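Read through the structure below, which is laid out as structure tokens, and then see the notes.
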Amino acid sequence: MIKYITEAHDTCKAFLVNNDLSGSPMANAYIALALLTLTMSLLRSNKKKNASTPWNKVPGGLPIIGHIPHVPSILDTLEGWADTYDNGSGVVEVQMAGKKHFIICNQEKAQFIESKRPHKVIRGTKFSKAFTSLQVCGLIEAEGETWKKERRMIPPFFNHKNVQDYVSHANLVFSRLIKKWSSQCDAGPVAVTQDMHHAATDIISLSMLGYDLDSVTAPSEMATVLDTIAKLLLKRAVSPFPYWKIPIVRQYIDNGDPIAEKAVAFCKQVLAESAPSLQSSNNFLAAKLMKEMGKKADQFPEERLIGNMITMFFAGTETTATTNLFCMYQLAKDKVLQDELRTEAEALGEDIESIDVAALPSKLPLLTSFIFEVMRYFPAISIQRLESTVPLTLVDVEIPAQSSFIVVGRFISKKSNTPLGPLNSPRDKFCAKRYLTKNESGKYVLSGSGDIPTPSMGFRSFGPAARICPGRHLSMMEITLVLSKILRTFEVSLKDGKEDMKYVTNFALAFEEDLEVMLKPRAPKAT
Ligand code: HEM
């Protein structure tokens, strides 16, 4: 027993180290509380041993807490279990943190679970509580009727027509980024990670609030606050117990409440200051939303408007920046591909900045296919944690309400449904041309309608149909624009030819270390 408690203790410690909490004076109290919570959950769980199920269970595990995924690579552990234990049913059962979880590892089962959203299957309650605790009350945290109402209201402002209004923001921010890198690139490798995050934050700030943070040019306190909220949300969502409700303890563990207050105060102030010009502004979400709300009686309350603004920073910054970084890394690794993409970007001429957003995929088919493949292969969000609110029948077995599901999206996309593309590329390999096909004149064009691929095509990077990412056209516009600018301005290569960048795989993918690249300015074209 002592062995098990020691192992659990070590895991909690690893969690703290992983989340920069190990230096906290409350670390041991945290561990003790975590262990107590695990024990309590066992006592409460009143488990019925299900001797035979049509799916496999991950064998072994510790009494009380069950299996403990290795903290630096939760995703790898989950995918490893899916790979080893799926008997073809698409479900693997595992006991973790005193609770049964179902790992959903094929397309058919994923679709079944996701079809039950938003009422019978929801995001985990722990997740919602973490969001509410930091006042990030918006579309991501919402369920049921609130979600339906906000889903009707907000996503239309992310369609192609509206994203066109945000293009000037992306152009402004990326011009600053390219200018900054141009001034640094002669001095050696350029550290691009933080700049890419700042660029994504600045674009969200301009496009959602109409406010220019300009954190690409100079550090901005508010950019740091908004970035910290995202980290706190993830930390709270995976915590074994709601430590933030415990007076004194909470301020030592994350000091999240004053940070959340700052973010809310910032959004309120920006909106109050821009109120007089809202009627004439149409190039940021808050203005569009407030006009729409003015037309209707059933407005949503101020805290949800603000909560939705902060939600967009959380949802739209890390995801887009991470994808941009993985794209840069793939470009830097493959000079031939880089040249092909550059030729395509240059053929567009100078009009990239005023281009019709909806036309980007057809004008830049190879770049678009490359971005889709980066997203499939390195999805910013690689797993989804879900919970049932009613009993569900899974492979002819009734499983109770409050069952926990983990959909391993990246794993599924590497196994099934994903097209092999014109080069017949295996699904577990990276292939930039995967989403292309040759037309009658032998030219590569995007396959199918050219739209963003769907989960039924093995592409799960923007989430399932029911709660598909509303920001997908905005992020595609951003990524296409910044890559086109980078390709036209620089030749990109890896620092010291270093090809083996490691990435961490907790809930979102990220490079373990900052990405540094060599940027060689391209010779100005002879006129
Ligand atoms: C490469 C960039 C992005 C990726 C990979 C991405 C991925 C995702 C995924 C996988 C989901 C579904 C989560 C679920 O299953 O519940 C999602 C939802 C969401 N995304 Fe994105 N996203 C990106 C960019 C953005 C941007 C730029 C915004 C807005 C500014 C945004 C706003 C949202 C919101 C509000 C939701 C919740 C939708 C709902 O629950 O109804 N995302 N995103």
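Read the numbers this way: they start at 1 and go in the same order the structure lists the ligands and their atoms. Along the sequence shown, residues are numbered consecutively beginning with 1. Note that this is a predicted model, so its numbers are computed, not measured.
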Part of [X] with heavy atoms under 4.0 Å of ligand 1, whether side chain, backbone, both or neither:
| X | answer |
| --- | --- |
| Arg151 | side chain |
| Pro379 | neither |
| Arg472 | neither |
| Arg117 | side chain |
| Ile204 | side chain |
| Phe158 | side chain |
| Gln384 | side chain |

Identify the closest protein heavy atom to [atom]: which residue and atom is it, and at what distance?
| atom | value |
| --- | --- |
| atom 14 (C) of ligand 1 | Arg123 NH1, 3.2 Å |
| atom 17 (C) of ligand 1 | Cys469 CB, 3.5 Å |
| atom 36 (C) of ligand 1 | Pro470 CD, 3.5 Å |
| atom 24 (C) of ligand 1 | Thr319 OG1, 3.5 Å |
| atom 32 (C) of ligand 1 | Ala315 CB, 3.4 Å |
| atom 7 (C) of ligand 1 | Ser461 O, 3.4 Å |
| atom 1 (C) of ligand 1 | Thr323 OG1, 3.4 Å |
| atom 12 (C) of ligand 1 | Arg467 O, 3.7 Å |

Within 45° cone of Phe511 ring axis and under 6.0 Å: Lys502 NZ or CZ =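 No; the conditions do not both hold, so Lys502 does not lie above the ring face of Phe511.
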Given Asn308, Ile140, Leu474, which has its nearest heavy atom closest to atom 37 (C) of ligand 1?
->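 When every heavy atom of Asn308, Ile140, Leu474 is considered, Ile140 comes closest to atom 37 (C) of ligand 1.
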Check whether any side-chain heavy atom of [X] sits under 4.5 Å from a side-chain heavy atom of [Y], and report yes or no.
| X | Y | answer |
| --- | --- | --- |
| Cys105 | Val92 | yes |
| Val482 | Val173 | no |
| Val91 | Lys109 | yes |
| Phe157 | Glu292 | yes |
| Pro455 | Gln111 | no |

Test side-chain contact (heavy atoms from CB on, under 4.5 Å) applied to Met208 and Leu285, Asn308, Ile203, the passing residue |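 Running side-chain contact (heavy atoms from CB on, under 4.5 Å) over Leu285, Asn308, Ile203 with Met208 returns exactly one hit, Leu285.
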Under a heavy-atom criterion of less than 4.0 Å, does Phe313 contact ligand 1?
->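 The answer is no: ligand 1 sits nowhere under 4.0 Å from a heavy atom of Phe313.
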Touching ligand 1 at all, Met375? Heavy atoms, strictly under 4.0 Å?
->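 Flag set, Met375 near ligand 1.
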Quick check on the 6.0 Å ring-centre criterion: do [X] and [Y] meet it?
| X | Y | value |
| --- | --- | --- |
| Phe314 | Phe131 | yes |
| Phe326 | Tyr503 | yes |
| Tyr211 | Phe284 | no |

Which atom of Ser388 lies closest to which atom of Pro400, heavy atoms considered =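 Scanning both residues completely, I find the closest heavy atoms to be OG-O, 3.4 Å.
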Polar side-chain atom of Thr389 near backbone of Lys120 as donor-acceptor pair, under 3.5 Å |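 Present.
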Exam field: side chain Ser133 to backbone Ala130, donor-acceptor pair closer than 3.5 Å |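 Yes, Ser133 side chain to Ala130 backbone: donor-acceptor pair under 3.5 Å.
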Going by the atom numbers of ligand 1, which of them fall below 4.0 Å from some non-hydrogen atom of Gly316?
->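 Matching atoms, with element in brackets: 25 (C), 26 (C), 27 (C), 28 (C).
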Ligand-residue contact atoms, ligand 1 with Pro464, heavy atoms, under 4.0 Å |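 Those atoms are 15 (O).
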Compute the shortest N/O to N/O distance between Glu478 and ligand 1 and return yes if it is under 3.5 Å, no if not.
->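 Min N/O separation from ligand 1 is not below 3.5 Å for Glu478.
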